2 protein chains.
Amino acid sequence: MAPSTPSAIFESLGCCSPLSGNALSETDAESIAAMFAVLADPVRLRLLSLVANQADGVCACDLVTVLDRSQPTISHHLKVLANAGLLDRDKRGRWVWYTVRKDRLAPLGDLFA
Amino acid sequence: MAPSTPSAIFESLGCCSPLSGNALSETDAESIAAMFAVLADPVRLRLLSLVANQADGVCACDLVTVLDRSQPTISHHLKVLANAGLLDRDKRGRWVWYTVRKDRLAPLGDLFA
DNA sequence: TCAACATATCGACCAATGTCAATATCGATA
DNA sequence: TATCGATATTGACATTGGTCGATATGTTGA
């Protein structure tokens, strides 16, 4: 006989807790959400794309002038991106050069496959 | 002769504004950031994965019991996901069934390619 | 050593948002 | 119609986070 309520449908599949099968764990969800939170800002997205479009990296001094934000704000966003592992930071004398970590970006794309 | 300052390097490439080449526009960055903001919450990520793992969709009544959140909170998150176009909402009598919109998720993955 | 410049940090402010209790709405069924 | 159960909305609260002015740190070159 067919189950009548929604949860009964899941229970009829033979498992104890209906939906916990191959779903995201709480800790996995938190770490993935943290990565998406880093990407959930238009200024950071533009910084990331600006850096990604220059194979040899970009000087922070140029990033400050391009977007319409103050120097502390750009510095803050670059730090967030670097702390998330999406940008590599390379100090060369007085300047700081950033390059994109494609090996860190790719796994995020796999989540949508 | 090699340019001495970082910005001079970009200007030597022959373009007016150094980094604006194929980078994200402000409006594009805003809309993409909005999509990532939807995904930047662990409860929403788990809801999405729970729905995605059931080919025939999931009843909201079951989603309420699985995660450790109140019914209004789950309802709120489902609304956010549906408004973003990531979930389809289908009201069947007293219950609401959700299915995932894979065609809306896939383009987000392409951003990392 | 000093001045100028690039970058980082601090402190404060304001907007956005996740959360829940209470309540409303809507559909099914007796 | 009346009641019950599923879902949505409202209002309030606390937290988070983007932003900037002011300032600190660190590096270069005179």
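The chains referred to below are lettered A, B, ... by the order of the sequence lines, with proteins before strands, and numbering in each begins at 1. Every value quoted in this text rests on a predicted model; they were computed, and no experiment measured them.
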Provide, to the nearest angstrom, the distance between the [atom1] atom belonging to [X] and the [atom2] atom belonging to [N].
X	N	atom1	atom2	result
A:Arg69	D:dG21	CZ	P	12 Å
B:Ile74	D:dA8	CD1	P	11 Å
B:Leu78	D:dT7	CG	C1'	10 Å
B:Arg94	D:dA6	CZ	C1'	7 Å
B:Leu63	D:dA8	CG	P	11 Å
B:Arg92	D:dT7	CZ	C1'	16 Å

Could you check whether [X] gets within reach of a base, just the sugar-phosphate, or nothing at all, counting any heavy atom under 4.0 Å?
X	result
A:Arg44	sugar-phosphate
B:Arg89	sugar-phosphate
A:His76	base

Examine [N]: is either OP1 or OP2 under 4.0 Å from a nitrogen or oxygen in the side chain of [X]? Give yes or no.
X	N	result
B:Lys91	D:dA8	no
B:Ser75	D:dT7	no
A:Thr73	D:dT19	no

Problem set entry | Start and end of the DNA chain C segment that chain A contacts, any atom under 4.0 Å from a heavy atom |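 That gives a stretch of C:dC5 to C:dT9.
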Any idea which heavy atoms bring [X] and [Y] closest together, and the distance?
X	Y	answer
A:Leu47	A:His77	CD1-CB, 3.6 Å
A:Leu111	A:Phe36	CD1-CZ, 4.1 Å
B:Arg46	A:Leu24	NE-O, 3.3 Å
B:Cys61	B:Trp95	SG-CD1, 4.0 Å

Exercise. Do the side chain of B:Arg44 and the main chain of B:Ala37 share a donor and acceptor less than 3.5 angstrom apart?
Worked result: yes
For this session: Measure the CD-CG distance between B:Glu30 and A:Leu45 for me, rounded to the nearest 0.5 Å.
Result: 10.5 Å
Exercise. Rounded to the nearest 0.5 Å, how far apart are CG of A:Leu86 and OG1 of A:Thr99?
Worked result: 11.5 Å
For this session: Record whether the side chain of B:Gln71 comes under 3.5 Å of the base of D:dA6 through a donor-acceptor pair of N or O atoms.
Result: no
For this session: Please tell me which of A:Val43 and B:Lys79 maps to the more 5' nucleotide of DNA chain D, matching each residue to the nucleotide holding its nearest heavy atom.
Result: B:Lys79
